[in-house]
Enquirer: 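This is the structure, below, for whatever I ask next.
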Amino acid sequence: MNRSGDEPRPEAIAGRLNADRVLAYLRLARLGRSLELLDDIDSTNRYALERYMSPQHDGAVIAAERQTAGRGRLGRSWHCPRGAGILATIFLFDESRTIDPNLLSLLVPVAIVDGIDSATGVRPEILWPNDLVASGRKLAGVLIDSAAGAARGVRFAIGIGINCLQHRGHFPPDLRDRATSLDLESKHPIEREAVLRAVLVQLDRWLAHPQAWQASDVCRAWIERATPLGSRVRISHAGKVFSGHTIDIDPTAALVVQLDEGGRRLFPAGNSSLMPIDGPLTQMPG
Ligand code: BTN
């Protein structure tokens, strides 16, 4: 509710997620075959890939109230106090290898933006490749892990972390000026179950039909929800930091950047990451 105090406000963090309420009356084509709610787990992504081996678990959802070793992209960690966020993994068993992992990494944040918007009225922006920011601060992140399945299938763990009920003091000091939550961004009370339901609905719309994904559609949907092309960026890739302006998304789901040092370079979603320029996470053109 636009609060900015430094003190943790634990009273905001209440109410366990309830699987029946989350799935009630949801008409999902692929997701939600099961919804397992855990009190404590090291990482829902790790759990999903170790536990779910067979096609019969395709579409399963795991969510936790707390993670003791939540994982972020590029070896980072993901912190969230108990009950304050959505910490969820969607498990997919792609038996026929229909899913293009590059497109998957772009459409997941698209679905999360639409889900968050429909449940809360907060419309985050996507920051390359699949971070979600509001007011220039990180609101949510995506970590997609994969592993071989039986025979020739591929198993995906689509991990989603959304900051919902944190106040400023809940974030570690070094993140306090760079992270936000739905409660801080919204004028209305935030219900985690409503957010999770809406995100599952939006993800299901895409994930139910991977054979129909067109790179041009996915890239357009991503661009429409992302910080505008032309934004100034610093981007870390292969142990180096580059700076320039974003130009486009390539059909292989790579960010095309006009480098300050001259020339254009493609940065693949899997191993590149934006760096703060100065305070906010991006700097607009002009
Ligand atoms: C990032 O922004 O670096 C990605 C963060 C992803 C966090 C989620 S929380 C649920 C799932 N389980 C994990 O261990 N990580 C992801």
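We count residues from 1, following the sequence as given. Atoms within each ligand, like the ligands themselves, are counted from 1 in listed order.
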Enquirer: Enumerate the atoms of ligand 1 whose separation from the nearest heavy atom of Val142 is less than 4.0 angstrom.
Expert: 4 (C)
Enquirer: Going by the atom numbers of ligand 1, which of them fall below 4.0 Å from some non-hydrogen atom of Ser43?
Expert: 12 (N), 13 (C), 14 (O)
Enquirer: Suppose I only count heavy atoms of Arg71 and a 4.0 Å limit; which atoms of ligand 1 are within that range?
Expert: 5 (C), 6 (C), 7 (C), 13 (C), 14 (O), 15 (N), 16 (C)
Enquirer: Could you identify the single nearest non-hydrogen protein atom to atom 13 (C) of ligand 1 and state the distance to 0.1 Å?
Expert: Gln67 OE1, 3.4 Å
Enquirer: Would you confirm whether Arg137, through its side chain, and Leu175, through its main-chain N or O, come within 3.5 Å as a donor-acceptor pair?
Expert: no
Enquirer: Starting from the C-alpha separation in whole Å, work towards a yes-or-no answer on side chain to side chain donor-acceptor pair (under 3.5 Å) for Asp250 and Thr252.
Expert: CA-CA 5 Å; Asp250 170 86; Thr252 62; 2.2 Å; yes
Enquirer: For ligand 1, is any non-hydrogen atom under 4.0 Å from Leu74's backbone (N, CA, C, O), its side chain (CB onward), both, or neither?
Expert: neither
Enquirer: Give a yes or no on whether the backbone of Gln56 and the side-chain of Arg33 come within a donor-acceptor separation of less than 3.5 Å.
Expert: yes
Enquirer: Side-chain heavy atoms under 4.5 Å apart, restricted to Ile/Leu/Val/Met/Phe/Trp/Tyr: what other residues fall into the cluster of Leu38, or is it alone?
Expert: Ile41, Tyr47, Leu49, Tyr52, Ile62, Phe91, Phe93
Enquirer: Number the atoms of ligand 1 from 1 as they appear, then name those within less than 4.0 Å of a heavy atom of Asp131, with their elements.
Expert: 2 (O)
Enquirer: Any atoms of ligand 1 less than 4.0 Å from a non-hydrogen atom of Gly72? List them with their elements.
Expert: 1 (C), 3 (O), 4 (C), 5 (C)
Enquirer: Please list, in number order, the atoms of ligand 1 under 4.0 Å from a heavy atom of Arg73.
Expert: 1 (C), 3 (O), 4 (C)
Enquirer: So which protein heavy atom does atom 5 (C) of ligand 1 come closest to, and at what separation?
Expert: Trp78 CE3, 3.4 Å
Enquirer: For Arg192, is there an ion pair with Glu65 - N to carboxylate O distance below 4.0 angstrom?
Expert: yes
Enquirer: So if I count the atoms of ligand 1 from 1 in the order they appear, which ones are less than 4.0 Å from some heavy atom of Gly70?
Expert: 14 (O)
Enquirer: Would Leu255 and Ile249 count as a side-chain contact (heavy atoms from CB on, under 4.5 Å) if you check the C-alpha gap in whole Å, the side-chain angles of each, and the deciding distance to 0.1 Å?
Expert: CA-CA 5 Å; Leu255 182 67; Ile249 301 293; 3.7 Å; yes
Enquirer: Can you pull out the closest protein heavy atom to atom 2 (O) of ligand 1? Residue, atom name and distance to 0.1 Å, please.
Expert: Lys138 NZ, 2.5 Å
Enquirer: Strictly below 4.0 Å, N to O, side chains only: are Arg66 and Asp40 in salt-bridge contact?
Expert: yes
Enquirer: Once side chain to side chain contact (heavy atoms under 4.5 Å, CB included) is applied, do any residues pair with Val61, and if so which ones, sequence neighbours excluded?
Expert: Leu35, Ile90, Leu200
Enquirer: Give me the residue, atom name and distance of the protein heavy atom closest to atom 11 (C) of ligand 1.
Expert: Thr44 OG1, 3.2 Å
Enquirer: Determine, for Asp145 against Arg46, whether the closest basic-nitrogen to carboxylate-oxygen distance falls under 4.0 angstrom.
Expert: no
Enquirer: Heavy-atom pairs closer than 4.0 Å: do any link ligand 1 to the side chain of Ala140, the backbone, both, or neither?
Expert: neither
